[in-house]
Structures are given as structure tokens and as C-alpha cells.
Number of protein chains: 2
Amino acid sequence: MILGSGQSENSSGLLFLTDEQLRKGIEAMFFAYRGFTADPDRILSERSYGRAHHRALHFIKRSPGTTVNNLLSTLGVTKQSLNRVLRTLIQDGLVLNEVGVQDKRQRHLSLTVDGSEFEQKLSNAQSDRMRAAYRQAGPDAVQGFRSVLEAMMDPELKKHYESFSKGQRL
Amino acid sequence: MILGSGQSENSSGLLFLTDEQLRKGIEAMFFAYRGFTADPDRILSERSYGRAHHRALHFIKRSPGTTVNNLLSTLGVTKQSLNRVLRTLIQDGLVLNEVGVQDKRQRHLSLTVDGSEFEQKLSNAQSDRMRAAYRQAGPDAVQGFRSVLEAMMDPELKKHYESFSKGQRL
DNA sequence: ACAATACGTCAGTGTTGTTGACATTCCAAG
DNA sequence: CTTGGAATGTCAACAACACTGACGTATTGT
């Protein structure tokens with residue numbers, strides 16, 4: 001096993017980590033997340049939207065026809081909080097809200113052409129930075145990046161994360 | 001070069017990344033950040049503090065005697081926003097605010113014993129999850145994790161991130 | 001018929017961010 | 001020594017986004 005700088009393993013094969021290493025990891029998450037959201041935030045503020053709108057658009061694009069309840073548990077917010085965002089997106093003609101066929105209580109959400117376009121714009125801005133970071137770090141790093149992030153998720157949230165891979169090739 | 005699943009390189013040696021791969025990376029960041037903040041958030045809400053208090057405590061602990069302006073640019077918020085948080089922390093006896101010796105305009109911030117204790121509690125909760133994730137993913141993954149996150153930071157923020165390593169062994 | 005589910009909405013509250021304005025203190029350059 | 005500007009603190013107003021609690025409606029399942 002090749003060890004990176006500053007990491008070591010004891011005889012039990014357990015990774016030994018100093019407080020300093022963990023603290024750097026915490027700070028890396030903090031600073032990286034800022035960069036991660038910086039570009040979409042700029043675009044969103046032009047239309048006086050916020051991060052919540054971006055998240056909603058992202059996951060509706062991801063799962064077209066999804067129900068409100070499903071989106072709710074993916075985002076992990078209350079229905080009141082989501083509703084505020086959804087209402088503006090529907091009013092602005094970015095999101096479609098259609099009554100369910102089998103179950104008429106449900107509302108199926110999807111993006112309009114405008115919504116799809118705007119989501120693409122946001123997605124591109126964020127993807128560009130992600131791609132640049134991936135290329136700079138290299139393919140092996142990307143594997144590690146994903147592994148650590150997945151190990152950091154709450155199990156309940158990880159289910160949602162994995163559900164998007166069902167029947168999709170990565 | 002060993003390629004992870006779904007990644008490939010073209011003849012120019014440039015990493016080829018599909019929209020789907022990038023989208024998964026974006027979602028990984030989103031879901032992981034939730035897990036990342038979940039444990040401290042619980043502890044903070046017991047004292048009716050928020051994430052902003054945690055961040056302030058973290059970086060004051062990191063750089064004892066730092067000035068308000070320095071903390072401001074690290075956190076990337078306005079002085080008004082930071083001031084509100086600092087005021088409560090000072091009132092609650094967690095943070096010390098001392099007038100500068102050379103430059104008396106500056107206020108040097110540091111943690112009291114209580115503040116240090118509370119910061120430790122928060123830090124431990126977050127570190128525990130980070131350590132678990134690191135161990136689950138393995139040492140090579142940790143290297144990659146850090147590499148990608150660093151490549152994702154804005155250059156201006158990265159300076160702050162790196163400043164904490166000056167003269168420190170990792 | 002009745003309970004539960006899915007959704008929407010109203011009202012109130014809290015944290016965290018923003019701008020803008022203004023006062024104070026202090027250093028440093030003219 | 002005066003003055004400009006930097007560093008700090010504070011006030012007010014506002015917005016985004018989260019929360020709780022409550023209520024109403026339509027629909028579904030038992």
C-alpha cells in the first residue's frame with residue numbers, strides 16, 4: 001500500500017490520522033464548497049433566484065415527472081420551504097406541475113423548455129469547474145474524491161444519491 | 001495509468017468526462033456536504049447557535065489572535081454578518097476580543113477556555129465522521145479527495161486554505 | 001364511512017447573508 | 001499637526017431560506 005504524505009498505518013492496518021489532517025480535510029470541504037457554488041450563485045442572482053431554486057431544478061431535471069414528496073425527501077427540506085421555491089419556478093414558467101394520472105393527489109414535476117435551458121446554463125457553469133478540477137487532479141484522484149464523499153453521506157441521503165444510478169451507466 | 005470505471009483518456013492524454021459523471025460529482029458534493037455539517041448542526045442547535053458560529057470558532061481556534069479583518073476575508077462574509085455572530089460569542093464568554101498593542105484599531109480574537117471546549121466538541125463531532133469516511137475510503141482515496149477539493153477552490157480562497165499549513169507539518 | 005396520504009397555503013420565527021449609512025479610533029503621510 | 005484613509009463597531013432595513021404549527025382540500029385505501 002502506497003501511503004500519501006502525512007498518512008501512516010499501524011500494525012492493525014488502521015489508518016492513523018492526526019487532528020491536523022482531519023482539520024485540513026474539514027477546511028478543504030468548506031473552501032471547496034464555496035468554489036463549488038460560486039458560479040451558479042452568480043447566474044442565479046441575475047434572476048433573483050437562490051441556491052434552493054438551483055437544487056430544485058437540478059433534481060427535477062434528473063428525475064422528470066418526480067412527485068413533490070419524492071423531491072422533498074431528496075432535498076431534505078420541509079414542504080413549506082420547497083413550496084415557496086416551486087411556486088416561483090412554476091409561475092416563471094420554468095417548471096411544469098401536472099396532476100397525476102393514477103394517483104390524482106400527486107403532482108408530477110418536470111422542466112419546461114425554458115426551465116431546461118436555464119438548468120443547463122447553471123449545470124454548465126458548475127460542471128466546467130468540476131471538470132477543470134477533475135482534470136487538474138487526475139483520474140485516480142477523482143475515484144478517491146467520490147469514495148470519500150460517498151463515505152461521508154448519511155445512509156438515508158446516500159440512498160437518494162445511488163437511486164440516480166439505477167439503470168444508468170457511469 | 002489505471003482508469004477508474006467510466007473514465008477514459010483520449011490520445012491527447014486529456015481526461016474525458018461525460019455529463020453524467022460530472023452530474024454525479026455535483027450530487028456527491030451536495031449530499032456529502034449535508035452529512036459533513038449534520039453532526040455539528042445538532043450540537044449547535046442545542047445552544048441556539050448556527051453554522052456561522054461554528055465557522056468563526058473554528059478559524060479563531062486555528063489562528064489565535066487573528067484580527068477581525070483577517071477572519072472576515074477567510075470566511076468571505078460582510079463585517080456586519082460576522083459582527084452579529086462574534087457579538088454573541090463574546091457575550092457568551094466563548095471568544096476574547098482584545099485591542100491590539102501595535103495597532104489599537106485592530107481587535108485580536110481568541111477562544112476562552114469555555115470557547116475552546118465547545119469548539120473541541122464541535123470539531124470532534126465533525127472529525128469523527130471525517131475519520132470514518134477516510135478509513136472507509138482508504139489512504140489513496142484521501143489523497144484524491146484532497147486534490148480534487150483543492151482544485152475546486154477559488155484561487156483567493158485557496159490562499160487562506162494554504163496559509164494554515166505555513167510552518168506546520170501535515 | 002373513515003383514516004391516511006399528498007399537496008398547498010397562511011402565519012410566525014430564526015439564522016445568515018446582504019446594502020447603506022454613520023461614528024469612532026487610530027495610523028501614517030503630507 | 002492636520003488630514004485622509006484604514007479598521008472597527010453599530011444601526012436599520014431587507015431578502016433568502018430554513019423551521020414549526022395549523023388548516024384546508026382532494027384523493028385514495030381500508
Side-chain angles (χ1 to χ4, degrees), chain A residues 30 33-34 37-38 40-60 65-92 95-110, chain B residues 30 33-34 37-38 40-60 65-92 95-109 122:
Chain A
F30 170 67
Y33 200 78
R34 297 217 125 204
T37 56
D41 279 357
R42 265 189 292 275
I43 298 170
L44 288 158
S45 67
E46 289 169 13
R47 293 213 197 184
S48 69
Y49 286 154
R51 240 173 249 181
H53 299 85
H54 184 191
R55 290 197 282 264
L57 290 171
H58 176 102
F59 287 111
I60 293 171
T66 187
T67 64
V68 172
N69 250 6
N70 188 20
L71 188 56
L72 229 44
S73 66
T74 300
L75 294 171
V77 295
T78 58
K79 63 174 179 176
Q80 293 91 332
S81 199
L82 176 58
N83 193 261
R84 194 192 318 120
V85 169
L86 277 183
R87 196 163 39 200
T88 68
L89 290 174
I90 292 165
Q91 279 172 355
D92 294 355
V95 167
L96 266 184
N97 189 322
E98 292 167 306
V99 175
V101 181
Q102 287 141 342
D103 188 336
K104 291 175 190 166
R105 288 170 305 178
Q106 296 184 334
R107 302 300 139 91
H108 296 283
L109 303 167
S110 56
Chain B
F30 169 67
Y33 202 78
R34 300 217 121 204
T37 56
D41 281 357
R42 263 188 292 276
I43 298 170
L44 287 159
S45 68
E46 291 170 12
R47 293 213 198 183
S48 68
Y49 286 153
R51 244 174 247 181
H53 299 86
H54 184 192
R55 290 197 282 263
L57 290 171
H58 176 102
F59 286 111
I60 294 172
T66 187
T67 64
V68 172
N69 246 13
N70 188 20
L71 189 56
L72 228 46
S73 67
T74 301
L75 293 172
V77 296
T78 58
K79 62 175 177 174
Q80 295 90 332
S81 197
L82 175 59
N83 193 262
R84 197 190 310 123
V85 168
L86 277 183
R87 196 165 38 204
T88 68
L89 291 174
I90 292 166
Q91 280 172 355
D92 294 354
V95 168
L96 266 183
N97 187 324
E98 290 168 306
V99 175
V101 181
Q102 286 140 344
D103 188 336
K104 291 175 190 165
R105 287 169 302 180
Q106 296 184 336
R107 303 301 140 92
H108 296 282
L109 304 167
L122 293 167

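A note on names: the letters A, B, ... follow the listed sequences, proteins ahead of strands, and every chain is numbered from 1.
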Parallel, tilted or perpendicular, as decided by the 30° and 60° cut-offs, for the rings of A:F30 and B:F59: tilted
Boundaries of the DNA chain D segment in contact with chain B, non-hydrogen, under 4.0 Å: D:dG5 to D:dC11
Please output the side-chain donor-acceptor pairs of residues 65-76 of chain A that fall under 3.5 Å, not counting sequence neighbours, one pair per line with the distance.
from	atom 1	to	atom 2	distance (Å)
A:T66	OG1	A:N70	ND2	2.8
A:T67	OG1	A:N70	N	3.2
A:S73	OG	A:N70	O	3.1
A:S73	OG	A:H160	NE2	3.4
A:T74	OG1	A:N70	O	3.1
A:T74	OG1	A:H160	ND1	3.2

Counterpart residues, salt bridge (Lys or Arg N to Asp or Glu O under 4.0 Å), relative to A:R51 (two or more places apart): A:D41
Side-chain heavy-atom pair A:L89, A:L57 within 4.5 angstrom cut-off: yes
Donor-acceptor contact present, side-chain A:T37 to main-chain A:R34, <3.5 Å: yes
Residue pairs, two or more places apart or on separate chains, that pass salt bridge (charged side-chain N to carboxylate O under 4.0 Å, His left out) and touch residues 71-91 of chain B: none
Per-nucleotide protein contact string for nucleotides 7-16 of chain C, where B marks a base within reach and S marks sugar-phosphate only (heavy atoms under 4.0 Å, - for neither): BBBB----SB
DNA chain C: 5'-proximal contact among A:R34 and A:D103 (nearest heavy atom): A:D103
Residue whose closest nucleotide on DNA chain D lies nearer the 5' end, A:L82 versus A:K104: A:L82
Residue list, side-chain contact (heavy atoms from CB on, under 4.5 Å) with B:D92, at least two apart or on another chain: B:Y49, B:L94
Where B:V85 and B:A52 come nearest, the two heavy atoms and their spacing: CG2-CB, 3.7 Å
